[in-house]
Amino acid sequence: MASGQAHPPFEEESPQPSTSVQSPQVVTDDEVPGPSDPWVDPSPQPQSLGMKKKREWSDESEEEPEEELELERAPEPQDTWVVEMLCGLKMKLTRKRASSVLPEHHEAFNRLLEDPVIQKFLAWDKDLRVSDKYLLAMVIAYFSRAGLFSWQYQRIHFFLALYLASDMEEDNQAPKQDIFSFLYGKDYSQRPLFHKLRYQLICSMRWRTWVSPEEMEEIQAYDPEHWVWARDRTLIS
């Protein structure tokens, strides 16, 4: 992404007056709070990134108008060329991809892993149908592309990113329904809102939803001893 102003998320089809909506509630067996936190934490936090974003995602009340906020974003890193081999007067150059995943995106991911609802979900998905190591690595990749500050990522962002990762990588689409089953039980009324927020996530990433195997491996290599990378579906008998 070049430096300058970031492209704001596209509007939904048949747009309604600019509003914001309430975040979905989680339905779990033992009254653990669901993803009802505000879409973005409004409290002031240090701003460490460069480039501007016109609008944040919002899932607040539908009766109140959405406010346009200005956020600082960093320009996307540029690829560099490195010398791979020297032989006499000849040299071979290779293009080294600049990763947009920063340590702060790993920190945001690790912070969300401490959320009791997310912990319960990971324990609940015993067969790793929707939360194996590669899908979780894609969550970090999406955090790096979505453009929010690391402190703004909340529980709902984790589930949106995980759903999108499963949508991109899994031929069998049925496991995605496990996320809905965990979050809402048999309540179908929250699903349209979830899909609306998922669409906003995709737009904020400018539709860059594919994550290469090399990038997933690079994300895991940042902290190779992290316990989530042991969630390998191929090792389950």
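Owing to the predicted nature of the structure, the values given are computational and were not obtained by experimental measurement. Hydrogens, waters and symmetry mates play no part in the numbers below; they use all other heavy atoms, side chains included.
Using a 4.5 Å heavy-atom cutoff, the side chains of Gln220 and Tyr134 are in contact. Proximity of Glu104 to Phe109: side-chain heavy atoms (C-beta onward) are nowhere separated by under 4.5 Å. In this structure the side chain of Leu113 reaches within 4.5 angstrom of the side chain of Leu122, judged on heavy atoms. His157 places a side-chain heavy atom less than 4.5 Å from the side chain of Leu148.
With sequence neighbours excluded, the residues satisfying side chain to side chain contact (heavy atoms under 4.5 Å, CB included) with Ala141 are Val211, Glu215, Ile219. Looking at residues two or more places apart in sequence or on another chain, you find a side chain to side chain donor-acceptor pair (under 3.5 Å) between Glu170 and Arg233. Take Glu107 and apply the side chain to side chain donor-acceptor pair (under 3.5 Å) test, not counting sequence neighbours, and it matches no residue. Under the side chain to side chain contact (heavy atoms under 4.5 Å, CB included) criterion, Pro192 pairs with no residue at all, not counting sequence neighbours. Scanning for ring-ring contact (aromatic ring centres under 6.0 Å, His included) contacts around Phe121 gives Trp124, Phe159, Phe182, with sequence neighbours left out. For Tyr163, the ring-ring contact (aromatic ring centres under 6.0 Å, His included) test picks out Phe180, Phe194, His195, with sequence neighbours left out. With sequence neighbours excluded, the residues forming a side chain to side chain donor-acceptor pair (under 3.5 Å) with Asn110 are His226, listed by chain and number. For Asp232, the salt bridge (charged side-chain N to carboxylate O under 4.0 Å, His left out) test picks out Lys133, with sequence neighbours left out. The salt bridge (charged side-chain N to carboxylate O under 4.0 Å, His left out) check on Asp178 picks up Arg129, with sequence neighbours excluded. Partners of Arg191 by side chain to side chain donor-acceptor pair (under 3.5 Å), not counting sequence neighbours, listed by chain and number: Gln177.
With values rounded to the nearest 0.5 angstrom, Leu201 atom CG is found 14.5 Å from Lys196 atom NZ. Atoms CD1 and CZ, from Ile156 and Arg198 in turn, are 12.0 Å apart once rounded to the nearest 0.5 Å. From Phe158, atom CZ reaches atom CG of Leu112 across 7.5 Å, with rounding to the nearest 0.5 Å. Remark: Leu164 CG to Ile202 CD1 distance equals 5.0 Å, nearest 0.5 Å. Taken to the nearest 0.5 Å, the OH atom of Tyr222 stands 11.0 Å off from the NE2 atom of His105. Rounding to the nearest 0.5 Å places OG of Ser212 at 8.0 Å from CD of Glu218.
The heavy-atom pair separating Met138 from Met216 by the smallest distance is CG-SD, 3.6 Å. Across Val101 and Ile140, no two heavy atoms sit closer than the pair CG1-CG2, 3.8 Å. What you find for Ile179 and Leu162 is that their closest heavy atoms are CD1-C, 4.2 Å. Shortest non-hydrogen contact noted between Ser150 and Ala108 is O-CB, 3.5 Å. The minimum heavy-atom distance linking Val130 with Ser166 is given by the pair CG1-OG, 4.0 Å. Nearest heavy-atom pair across Met205 and Tyr142 is SD-CD2, 3.5 Å.
The closest donor-acceptor contact from the side chain of Tyr153 to the backbone of Phe143 lies under 3.5 Å. For Arg231 (side chain) and Ser131 (main-chain N/O), a donor-acceptor pair under 3.5 Å exists by modelled atom type. With hydrogens and angles ignored, the 3.5 Å screen pairs a side-chain donor or acceptor of Trp229 with a backbone N or O of Asp223. Of the possible polar contacts, none joining the His106 side chain to the Pro103 backbone as a donor-acceptor pair under 3.5 Å is found.
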* To do: Might you work through the side-chain contact (heavy atoms from CB on, under 4.5 Å) test for Leu183 and Gln190, ending with a clear yes or no?
  => CA-CA 9 Å; Leu183 290 176; Gln190 298 287 350; over 6 Å; no
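Residues Tyr188 and Leu193 do not share a hydrophobic cluster, clusters being chains of Ile/Leu/Val/Met/Phe/Trp/Tyr side chains in contact below 4.5 Å.
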